[in-house]
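Have a look at the structure below, then the notes.
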Amino acid sequence: MASDLSRAKVKYRVKLEAPLNGRPIHVWLTDKIEVMVVPLEQGVKIVSSICPHMGAQLSWNEKTGEVSCPWHGLVFEGKSLKSCHPRYRKISEFEGAIIEGELLVYEANA
């Protein structure tokens, strides 16, 4: 995350329907962009929730810290978000935060 998010420009702002309560949630930023918001001790990790292979909704494995596809078992390493299969690109990560019940996603290179 950026060292000073207070100066980052907000690209998406979504009111959350419920708090995270320690579990990942899926949030639509637009009608075409869905992300998975994963609570971590130091904040949240926000990643694309759509598998680049066939478009399935990805899930977070709390035990391994990996992201996986339920359709074909494609796995993405939790820190780098790179696929276990060299044919598929890594999934996107977004900078952001949850402030007063809203998910704020910042412009890239803000």
Side-chain angles (χ1 to χ4, degrees):
M1 291 187 100
S3 59
D4 186 4
L5 292 178
S6 64
R7 288 192 258 163
K9 184 174 179 184
V10 175
K11 184 171 186 176
Y12 303 107
R13 179 185 302 263
V14 179
K15 183 77 172 162
L16 298 179
E17 294 178 18
L20 291 181
N21 291 330
R23 310 241 1 141
I25 62 170
H26 291 85
V27 177
W28 286 96
L29 300 179
T30 71
D31 61 345
K32 295 183 181 186
I33 302 172
E34 183 187 39
V35 296
M36 182 170 29
V37 182
V38 180
L40 302 172
E41 287 182 21
Q42 68 277 15
V44 293
K45 184 174 194 83
I46 305 166
V47 299
S48 173
S49 66
I50 304 300
C51 182
H53 178 219
M54 293 192 65
Q57 187 179 61
L58 298 171
S59 61
W60 180 263
N61 184 322
E62 293 178 51
K63 293 179 184 174
T64 64
E66 296 172 328
V67 177
S68 62
C69 175
W71 288 358
H72 297 99
L74 190 61
V75 175
F76 300 87
E77 193 276 323
K79 290 185 190 255
S80 71
L81 301 175
K82 289 182 182 176
S83 169
C84 63
H85 193 289
R87 186 174 187 184
Y88 300 102
R89 63 177 170 77
K90 72 182 215 168
I91 54 176
S92 300
E93 183 170 12
F94 302 84
E95 285 191 33
I98 295 177
I99 299 174
E100 297 179 5
E102 285 189 313
L103 174 64
L104 305 178
V105 177
Y106 303 110
E107 295 266 349
N109 301 318

Leu103 and Ile46: CA distance, side-chain angles, deciding distance, side-chain contact (heavy atoms from CB on, under 4.5 Å) verdict: CA-CA 10 Å; Leu103 174 64; Ile46 305 166; 3.7 Å; yes
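Listed by chain and number, the hydrophobic cluster partners of Val38 are Met36, Leu40, Val47, Leu58, Trp60, Val67, Leu74, Phe76, Leu81, Tyr88, Ile91, where partners are ILVMFWY side chains within reach of under 4.5 Å, directly or through others.
Nearest approach of Met54 to His72, heavy atoms of both residues: SD-CE1, 3.4 Å. Considering every non-hydrogen atom in both Pro39 and Gly22, the closest pair reads CG-C, 3.5 Å. Minimum heavy-atom separation, Phe94 to Ser48: CE1-N, 3.9 Å.
Among residues two or more places apart in sequence or in another chain, the side chain to side chain contact (heavy atoms under 4.5 Å, CB included) test is passed with Ser59 by Ser68. In this view, Ile99 and Ala97, Leu104, Tyr106 satisfy the side chain to side chain contact (heavy atoms under 4.5 Å, CB included) rule, not counting sequence neighbours. Remark: Thr30 pairs with no residue by the side-chain hydrogen bond (donor to acceptor under 3.5 Å, both in side chains) rule, at least two apart or across chains. Every residue meeting the salt bridge (charged side-chain N to carboxylate O under 4.0 Å, His left out) condition with Arg13, not counting sequence neighbours, appears here in chain and number order: Glu102.
By the rule that hydrophobic residues join a cluster once side-chain heavy atoms approach within less than 4.5 Å of another member, Ile50 and Ile33 end up as members of separate clusters. A continuous path of hydrophobic side-chain contacts links Val35 to Tyr12 [ILVMFWY only; heavy atoms under 4.5 Å]. Transitive grouping of hydrophobic side chains (ILVMFWY, heavy atoms separated by less than 4.5 Å) keeps Trp28 and Leu20 in distinct clusters.
Listed by first and then second residue, the ring pair (Phe, Tyr, Trp, His ring centres under 6.0 Å) pairs that reach into residues 30-50 come to none, sequence neighbours excluded. The list of salt bridge (charged side-chain N to carboxylate O under 4.0 Å, His left out) pairs with a residue in residues 64-92, not counting sequence neighbours, is empty. Residue pairs meeting the salt bridge (charged side-chain N to carboxylate O under 4.0 Å, His left out) criterion with at least one partner in residues 43-65, sequence neighbours excluded, are Arg23-Glu62, Lys45-Glu93. Applying the salt bridge (charged side-chain N to carboxylate O under 4.0 Å, His left out) test to residues at least two apart or on different chains, none of the pairs has a partner in residues 24-43.
The shortest distance between side-chain heavy atoms of Val10 and Val105 does not fall below 4.5 Å. Taking 4.5 Å as the limit, every side-chain heavy atom of Val37 sits out of range of all side-chain heavy atoms of Leu16.
Atom NE2 of residue His85 and atom SG of residue Cys69 lie 13.0 Å apart, to the nearest 0.5 angstrom.
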